[in-house]
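Worksheet: the structure to be examined is printed underneath.
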Amino acid sequence: MLLSEEIELPCGLRLPNRLCKAAMAENLAPGPDHKPNQKSVTAYGQWADGGWGMILTGNVQISDAHLGGPGDVAILSHASKDPSPETKEVWKTWAATCQRSGTPTIVQLFRQDNRASPVKLNFGAGILDKLAATLLFGTPREMTIEEISGEGGVVDQFVEAAKQSFEAGFKGIELHGAHGYLLAQFLSPLTNLRTDEFGGTPAKRAEIVLRVIRAVREATSKEFCIGIKMNSVDAASSESLDDVIAQIRLVAECGIDFIEISGGSYENPRMMVGDGTAAPPANVKKSTALRESFFLEFAQTVRKEFPQLVLMVTGGFRTRIGMEEALKSGGCDLIGIGRPATVKPKLPKEIILNTSEVPDERASVALVPYQAPWLVKKFPLKLVGTGAANMQWAGQITRMGDGLEPSASLLETTV
Ligand SMILES: Cc1cc2nc3c(=O)[nH]c(=O)nc-3n(C[C@H](O)[C@H](O)[C@H](O)COP(=O)(O)O)c2cc1C
């Protein structure tokens with residue numbers, strides 16, 4: 001079975017199998033210090049012993065001045081360049097716990113900020129959706145070049161966060177370049193209207209990402225894994241496909257160890273298809289959506305161009321057969337699993353890779369479709385519905401942090 005085969009990434013990191021726990025914000029590290037803590041360690045202990053091939057942490061903010069959620073792990077922007085001894089210690093404990101059973105763990109780094117260009121967020125066409133976008137986020141001020149690549153700017157912040165991960169003993173980092181966050185905004189022509197060295201062509205829109213990759217490599221080691229999560233092409237025009245392929249080429253040439261394909265944005269959460277939160281992307285054939293992974297077709301297109309690239313696809317995988325088929329199709333090398341990992345932290349060991357006890361037809365995890373509460377249904381804001389759906393999965397991670405078994409009520413069938 002391909003799923004249980006080891007794979008070696010270009011940096012030399014060996015993953016014992018192909019199942020990856022996808023990045024999910026844990027919301028377990030409140031301010032003011034946003035350090036990982038005992039709850040983070042307790043939660044990750046469950047994933048650590050689950051037989052995963054790779055664990056990706058939830059997004060770690062490269063600056064606490066731009067949090068995605070109040071409980072994000074974050075690098076303190078006002079701290080001196082060196083984190084305190086206490087911070088270093090808890091990061092080491094976190095890394096050691098994640099990897100105590102031999103699963104390499106990668107820290108996902110991101111910055112929540114919508115300032116590539118002064119483009120308002122778009123939560124929908126409704127008047128209330130527009131009003132919410134204006135009231136909550138306003139029209140952003142475009143970042144200056146100094147804020148991007150000057151001392152202490154975005155590139156430096158990624159490097160500092162990567163160094164902290166490296167020194168703690170994590171095996172690598174993944175840049176969050178998907179879901180509409182800062183790096184994704186730079187990559188996309190819809191949100192990057194710049195005409196300077198960071199915008200104007202696909203290559204210039206990718207420039208910030210390339211600088212981060214080179215600088216992180218320089219500041220860590222050639223054995224340190226650097227991956228990136230990128231969006232599939234949501235707008236199905238061949239022009240945008242050419243742009244994305246051109247950007248992937250640059251990222252690949254820069255020495256990336258894997259690319260994770262996802263899609264959607266927090267304005268339009270297509271990555272959350274499959275539990276009733278969102279419809280499949282328009283460019284995904286119905287058959288693919290049904291077959292399970294919604295971003296696999298795009299990954300297959302990428303594969304044709306880049307046969308050597310290590311590709312991970314995340315979104316919608318629920319069965320051993322579907323996962324194995326995806327690997328066999330050649331569309332991807334790694335399978336990312338998000339929501340099922342919150343209700344079945346030991347999914348690989350107990351079910352997917354447990355071929356001696358669980359036959360193929362029962363090797364699956366089905367999630368109960370999200371049922372919006374009455375009040376949320378009545379609320380005419382997409383943003384509210386999305387947030388509520390996400391909270392049910394986030395709640396499972398909270399339970400893990402408290403040392404509780406995840407609630408089985410979100411599983412439709414189990415073995
Ligand atoms: C509670 C929750 C938190 C998430 N946080 C992140 C995150 O921090 N970074 C990220 O790249 N994706 C995040 N995601 C998206 C997942 O990584 C994944 O792409 C998505 O859940 C689709 O995969 P699935 O169908 O296997 O759940 C999150 C998803 C959930 C449910």
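Residue numbers count from 1 along this sequence. We count ligands from 1, going down the list as the structure has it; atoms in each ligand are counted the same way.
Where the criterion is an N or O separation shorter than 3.5 Å, residue side chain and backbone included, Gly58 fails it with respect to ligand 1. Note: an N/O pair closer than 3.5 Å links Gln108 and ligand 1 by distance alone. Of the N or O atoms in Phe317, none lie within a sub-3.5 Å distance of an N or O in ligand 1. Inclusion of Ala25 in the set of residues having an N or O under 3.5 Å from an N or O of ligand 1 is warranted. Looking at ligand 1, you'll find an N or O of Gly338 within less than 3.5 Å of one of its N or O atoms.
Close contacts of ligand 1 with Thr314, meaning ligand atoms under 4.0 Å from a residue heavy atom, involve 18 (C), 19 (O), 23 (O). Remark: ligand 1 atoms within the under-4.0 Å shell around heavy atoms of Gly316 are 24 (P), 25 (O), 26 (O). For ligand 1 and Arg339, the ligand atoms under 4.0 Å from any heavy atom of the residue are 21 (O), 22 (C), 24 (P), 25 (O), 26 (O), 27 (O), 31 (C). Annotation for ligand 1: atoms under 4.0 Å from non-hydrogen atoms of Ala22 are 17 (O). With ligand atoms numbered from 1 in the order given, ligand 1 contributes 9 (N), 10 (C), 11 (O) to contacts under 4.0 Å with heavy atoms of His176. Numbered from 1 in the order shown, with element, the atoms of ligand 1 that lie under 4.0 Å from a heavy atom of Arg318 read 24 (P), 25 (O), 26 (O), 27 (O).
Within 6.0 Å of CD in Glu147 there are more than 12 heavy atoms belonging to other residues, nucleotides or ligands.
Annotation: cation-pi pair Lys21/Trp52 absent, no NZ/CZ under 6.0 Å from the ring centroid and within 45° of its normal.
Residues Asp113 and His66 bring a donor and an acceptor atom of their side chains to less than 3.5 Å of each other. In the model, Ser329 has a side-chain atom that pairs as donor or acceptor with a side-chain atom of Gln300 under 3.5 Å. Counted by atom type alone, Thr314 and Glu260 present one or more donor-acceptor pairs between their side chains at under 3.5 Å.
With salt bridges taken as basic N to acidic carboxylate O contacts below 4.0 Å, one links Lys163 and Glu160. Contact check on Lys171 versus Asp257 returns no salt bridge, with no Lys/Arg side-chain nitrogen under 4.0 Å from an Asp/Glu carboxylate oxygen.
Listed here is the closest heavy atom pair of Ser63 and Gln157: CB-OE1, 3.7 Å.
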